[in-house]
Amino acid sequence: MSMPDKEAEHWGEVARGWSDKGYANELLGEQKRKTYIDLITRWTRITAGQKILKTDLFAEAFGVEQFFFDIVPAKSDVVGIDVSIEIVAEARSQALKRGMDAGQYLCGDVKQLPLRDNSIDLIISDSTLDHFPTEAEIITALEELGRVLKNGGTLILTIDNKSNLTYPPYCITRLWMKLGLAPYFIGRTLSLSRLRRALKEIGLTIEENTAILHYPHPDGLVRWLERSLRYSSRGKLDNAIRKGLACLNRLEGSKIKYLTGRYIAVKAVKGGAT
Ligand SMILES: C[S@@+](CC[C@H](N)C(=O)[O-])C[C@H]1O[C@@H](n2cnc3c(N)ncnc32)[C@H](O)[C@@H]1O
């Protein structure tokens, strides 16, 4: 079985079990959605004529963390891809429910995009590239994103932040996955400096960078805590949890943001000033 087939099979399996396993965390999802909307609207202005690529469709398929349909105009020329046909089908049906019928929702591999060179104005890649077993695959995917992006086009990318104080050595992550404690495959990631170098080599310049969503990696404990508190208080603590999460988010404005952020986030421009 080839690598994309294996990936597709894995993510299809994750998708089939996702709703039943109760992984949805409404309040963390709400915070993630707000954080992404804030980040993207701060870093770029989305206009009707742009061709926009989204590099995975997990959140669009499963709801609570979904932000993409909220920030692109309904008739936008969007291309959403995902390696899993199940995820693409569910995301497409959610898109149609929202009148996003001008978009294309395709099954494909971000490391081998079914798109022409220099054809995309804006790419949004939220934690897609940190699900590969090797750094080389992350670089291949970055090269693909660089290839399809127009000159002057913008890439907004987030990946797991390995400077987070709780980011474990990869052998621990591997063990964690072997024991069945991770809901899906967690891959390698790049440091901010390595990412900057890789982007520079393919002609993209980082214009903005930050760290977002300030809680530990992996986030299983936080997810469990949110669900337990909500369940035991029958929702009475929801507002307190919201306030707590908003408080943690303020760490983005602090000097230690790269020690606490779950993801690094960059805005890079193709052919931008070096
Ligand atoms: C855990 S989800 C990430 C979800 C979301 N973007 C987030 O911020 O958490 C990973 C997603 O990437 C997709 N994916 C994994 N490998 C891919 C590849 N090679 N090409 C395109 N999509 C891929 C999976 O099918 C899945 O939808």
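Read the numbers this way: they start at 1 and go in the same order the structure lists the ligands and their atoms.
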Heavy atoms from other residues, nucleotides or ligands near CD of Glu30 exceed 12 (cutoff 6.0 Å) = yes
Per-ligand residue contacts, ligand 1, heavy-atom threshold under 4.0 Å = Glu7, Trp11, Lys32, Thr55, Asp56, Phe58, Asp82, Val83, Ile87, Gly108, Asp109, Val110, Lys111, Asp126, Ser127, Thr128, His131, Phe132, Tyr184
Neighbour count >12 (heavy atoms, 6.0 Å) for atom NZ, Lys243 = no
Of Leu142, Thr128, Ile123, Ile264, the residue whose pairing with Leu157 passes side chain to side chain contact (heavy atoms under 4.5 Å, CB included) = Leu142
Between Asp82 and Lys54, is the closest basic N to carboxylate O distance under 4.0 Å?
-> no
Classify the side-chain pair Thr134/Glu137 by whether it contains a donor and acceptor separated by less than 3.5 Å.
-> yes
Salt bridge check: are Glu7 and Lys111 linked by an N-O gap of less than 4.0 Å?
-> yes
